[in-house]
Amino acid sequence: MELQKQLLFTVIFTTYFIFIAGDDFYVTLGHLKVQTSDRVQTEAANGVVRRLISDKASLFQLTVDPNLGPVGKDTFKIVKEEGAEIVTIVGTSGVAATWGFHHYLKYYCHCHVSWDSDQLTLPEVLPTVNLTVTSADRMCARRATALYGGTGCAEREIDWMALNGINLALAFTGQEAIWQRVYLRLNLTQDDISEHLSGPAFLAWMRMGNMRGFGGPLPDSWHRQSLVLQHFILDRMRELGIVPVLPAFAGHVPRAFKRPYLLEPTDPLFRTVGSMFLSELIAEFGTDHIYNCDTFNEMVPQTANLTYLAQVSNAIFSAMTAVDTTAVWMLQGWLFVNSMAFWGEAQTEAFLTSVPLCAVSSTQKFLVQQHITTSKHQANKQLNSKQRQLFLTQPTTSNVRSEFNISRSLISADIPLYKLKNKVFREFLEKYTQHTIPDESTLRKTYAPSIYDETIQKIRDEIKDSSIWVSIDETPDKEGNLLGRMLILDLQSELNPQYKRLHSYYGQPFIWCMLHNFGGTLGLYGAVENVNQRVFEGRNLENGTMVGTGLTPEGINQNYVMYDLMTEMGWRTQPANLTEWSLAKESWPVANLNPATDDFRGRGGPIAWPPRSPDLNPLDFYLWGHLKSMIYSSPVPDLESLRNRIVACSEDIHNTPGVWDRVRRFSLYAERRYGGVNIHADKAWQLLKSGVYNCTQDDYDMHGADIICLRPSLGSTEFVWYNTTELAMAWDELLDSSEQFHEAANYQHDLVDLTRQILQVKGGELYGTLVTAFREGNITVFQENAQLLRTLLADLDLVLSSNKDFLLGRWLEAAKALGTTDLEKQLYEYNARNQITLWGPHGEILDYATKQWGGVVSHYYLPRWNLFLDALNSSLVEGVPFNQTFTAERIFNEVEVPFTLDTSLFPTLPQGDSVEIAKLVHLRWRRMLAQPTGQRIPYRRSRLSSLTVSSGQYRIFSFFAEQF
């Protein structure tokens, strides 16, 4: 483990060519590739195989042939002939070959590789296959921060990336050592630097400009270790064919600069500092010519003026190209979500289009140049010139002159012509001009060229005989493709996509990303249907510029099923194309529903559906959930309409080819993950898939703000988007498969995680009951539920402590292991404790990265609740008002701060048997789980609320390190 591994930003980009406007085929980012030889990539790919299945690695032979598939698309071919012992896998790169190896393990050997544990039981006879797979997109990447735990941990993460086809990855480790060199050259003192650089647990946020200083200073040993680790990371990535993305200067500077926290990009000093940093970085690590830079991640520019925004963007990009003339700027799109009110269409267009748009290939450019020399083109050019001159000097009607003036006014005011699509705006113009306004295309084709000519003439009149220099970068790569210069991450496409609102980023290529998680919080969650549908909607968007799919969670090691599915989006061509998933070993009877008779199961029908009906198979569970989603897609006005919809929807399901393949994907996930087929495990995953993993509310913030993990108060609420009874049924079913999977590591992990979710939900219910009892003055009910909540938290800690993946001790010991002195170990432990609790010395982002871990529950959550419940009880018994402010201060001073400063040891090995403890917890709590009472009001909390920045301000929190 490593201190920030729970808060890695991971991005996955798949290999893709951009199609824009009909048959125009634009090559955008094909030049982004490592220069490692095929031989080196072949050896690296086989190295992944040896590390994963050392005892059977000789059964697989991986090679690299870049000419295997279509140009620019990752492709692999797997061949295993009947009677042969060796499986041969050829890929267009080391990544592609490794990806093909994982594809064979996953779909033909039913194996599983994950962040939690691996299931690698190969069949005695390896299955025969002759298969070629080509990616649907152009690039595949993962964003990763500093990896603690040394090269072993880094190696495992990079292997995982290659196994999942990831060919572009952010590599940010070691940059603080580079910054220290640059700042010293700029005559800053070591104290100036130490005040600015954050501690290890907070570097990800400091790098995006969200904070500075807190948790430091970074020791020299940290810088030395990070440089060594970054070299290892870059070497291994390049050997496998993964393109590393390095950081660029975003403008956030130390106080010693005597400037605002954000150095104005148009200030000449910005380019000086940016060039110094990038030059030093490239000298140390080399480059693959793509850089991430997020100047306004969670702050806004000082003005929305369009000219200014274009100048700022150009200045940021120029700081890169001053050092690397072929630089590509990767931009996180979070600014467009976080400050949506500021980044309107015009502001975004001005900011993005000041960076050169994706260019056509040099071959296409040559054809265009050939065409414009022909007599036909010259004749058309003269004709158009005469027509434009007519409009300028001899308008034939007042309407023509009016249209021309309208066009010139809009362009002069920086109002895009497409704004005329707005009905209210068009009606306003027509009312006050007394003319019918043509559509956008008419104005653009008829008048824009004339306005351009008029503007150029004004410039000529002004400049006269003076010289003017214009520089156009048209550097082609070795294949002759002109280079695309920007790549945007649409950071939360599954819930809050911006590419539609912002017109596919006005021609800049973007990545469709699933964010899924903030702060590395734990809690079952997913938007599986959104992912399964919307990726393809983005890919098929008319005039769209999507070039890949992505993963951008703030934390990993949770909800692996969502990432297992999302990593497949790079090669799937349509949501329903689930052929590989339908290779189930079990053949279930097809579910049958005849709504025309009384022979149906369900609430209110003649045949009841008990919570654990033994005669329901996975397809029955799927049918029920799928039928409900179709029937209630819109409100049902009356009983007759409900009956008719049931009949119609049932017929649609019956007549839809391949509808049953969709259910099997989660059944196969359970088979691969646990190493066998079990009807109860299948039922559990069907319930989870249609419930807790199918959140479709687009404004859900996914933050895991669960009541039991928050500082207690009387006003907490949480959002439950799923049927909690079905969650309990899934718990029943998963426990019923324990005899078969008792020793399976992934089964133990999932059982603990599901039990944790059950107790989390029940804790919220107990909280609601005891708060109501307190407000009503019912001492008996309050005390009963208060004691139940204490017992629940103790049980939660017990079950979490039984599994290696939920232990506070492992987190703390991994952090301390990095220290070379006692003081460093103390600093790193403080970072580790503070990040998952207070998140700042005074709880600036309290419980942002909360963790339901054994040790955290017993020593942090439970003491907070004890103090809160005791205060409420005293208020009831003694008849005195409850003081929330005073209680919160006590919790901060008596529980939260002491926990961050504590150095007590916690177990690093599991305590007890996860399965047996889960059974005991089930026995205690299952009968107490209430029927669902409807959704509760969501607990809303603005992300990084204490860092909110208004226009013209740059407010961050910054503290020096010696808080402990």
Side-chain angles (χ1 to χ4, degrees), residues 2-5 7-13 29 32-36 40-41 44 48 93-95 98 139-179 181 200 203-208 222-250 277-294 320 323-324 327-332 487 489 511 548 550-554 556:
E2 81 285 345
L3 194 55
Q4 285 192 30
K5 185 177 177 183
L7 291 157
L8 288 174
F9 286 82
T10 53
V11 181
I12 300 214
F13 303 42
L29 300 164
L32 292 177
K33 59 185 70 174
V34 298
Q35 302 304 313
T36 312
V40 171
Q41 292 189 51
V48 176
S93 66
V95 170
T98 309
M139 70 178 47
C140 198
R142 170 189 175 106
R143 176 176 178 181
T145 56
L147 291 169
Y148 296 120
T151 57
C153 181
E155 186 171 62
R156 168 70 182 190
E157 292 295 320
I158 296 169
D159 285 355
W160 182 89
M161 288 191 274
L163 288 164
N164 285 279
I166 295 164
N167 56 27
L168 183 72
L170 273 70
F172 281 5
T173 305
Q175 64 174 288
E176 284 69 37
I178 304 300
W179 274 120
R181 296 178 191 173
L203 288 176
W205 288 270
M206 186 207 73
R207 292 165 178 170
M208 293 185 295
W222 171 268
H223 294 310
R224 291 194 299 270
Q225 292 173 356
S226 64
L227 287 174
V228 171
L229 184 56
Q230 175 73 337
H231 277 289
F232 175 85
I233 291 170
L234 294 176
D235 289 345
R236 183 52 53 84
M237 287 169 59
R238 288 164 176 160
E239 289 168 3
L240 282 164
I242 300 173
V243 176
V245 181
L246 297 177
F249 176 51
F277 172 73
L278 205 56
S279 296
E280 188 70 29
L281 189 79
I282 293 173
E284 179 70 36
F285 299 126
T287 185
D288 295 271
H289 309 293
I290 180 168
Y291 309 94
N292 173 249
C293 181
D294 299 303
M320 303 178 206
V323 178
D324 183 349
V328 175
W329 177 7
M330 177 187 284
L331 173 72
Q332 280 194 114
L487 178 62
L489 310 184
I511 303 295
L551 288 174
T552 52
E554 286 187 357
I556 61 174

Quiz item: Is Ile511 close to Thr552 at the side-chain level, that is, under 4.5 Å between some pair of heavy atoms?
Solution: no

Practice problem: Enter the distance from Asp294:CG to Trp329:CH2 here, rounded to the nearest 0.5 Å. | Solution: 8.5 Å

Exercise. Report the distance from atom CD1 of Ile242 to atom OG1 of Thr36, rounding to the nearest 0.5 Å.
Key: 10.5 Å

Self-check item: Gln35 side-chain N/O to Lys33 backbone N/O, donor-acceptor pair under 3.5 Å
Solution: yes

Quiz prompt | Test item: Asn292 side-chain N/O and Met330 main-chain N/O as donor-acceptor pair under 3.5 Å | solution = yes

Practice problem: Run the numbers on Cys293 and Met320 for side chain to side chain contact (heavy atoms under 4.5 Å, CB included), then give the verdict. | Solution: CA-CA 10 Å; Cys293 181; Met320 303 178 206; 3.6 Å; yes

Practice problem: Taking all non-hydrogen atoms of both residues into account, name the closest pair between Pro244 and Val34 and its distance. | Solution: CD-CG1, 4.4 Å

Practice problem: Step by step, work out the side chain to side chain contact (heavy atoms under 4.5 Å, CB included) result for Tyr291 and Ile282. | Solution: CA-CA 11 Å; Tyr291 309 94; Ile282 293 173; 3.4 Å; yes

Quiz item: Going by heavy atoms in the side chains, are Pro247 and Arg207 under 4.5 Å from each other?
Solution: no

Practice problem: Measure from the side-chain N and O atoms of Gln230 to the backbone N and O of Thr173, and report whether any donor-acceptor pair falls under 3.5 Å. | Solution: yes

Quiz item: Do the side chains of Leu240 and Met161 get nearer than 4.5 Å, heavy atoms only?
Solution: no

Exercise. Flag the pair Leu487 / Leu331 as yes when at least one side-chain heavy-atom distance between them is below 4.5 Å, and no otherwise.
Key: no

Quiz item: Rounded to the nearest 0.5 Å, how far apart are CG of Asp235 and CD1 of Ile158?
Solution: 9.5 Å

Practice problem: Grab the two heavy atoms, one from Val95 and one from Gly165, that are nearest each other, plus how far apart they are. | Solution: CG1-C, 3.6 Å

Quiz item: Can you name the closest pair of heavy atoms from Ala171 and Met237 and give their distance?
Solution: CB-SD, 4.4 Å

Quiz item: Knowing that exactly one of Leu234, Ile178, Leu170 qualifies, which makes a side chain to side chain contact (heavy atoms under 4.5 Å, CB included) with Leu246?
Solution: Leu234

Self-check item: Closest heavy-atom pair and its distance - Leu227, Phe285
Solution: CD2-CZ, 3.6 Å

Quiz prompt | Heavy-atom check, side chain of Trp179 versus side chain of Glu280, under 4.5 Å | solution = no

Quiz item: Do Arg238 and Asp288 touch side chain to side chain, with heavy atoms closer than 4.5 Å?
Solution: yes

Self-check item: Value rounded to 0.5 Å, distance of OG in Ser279 from CD in Glu284
Solution: 13.5 Å

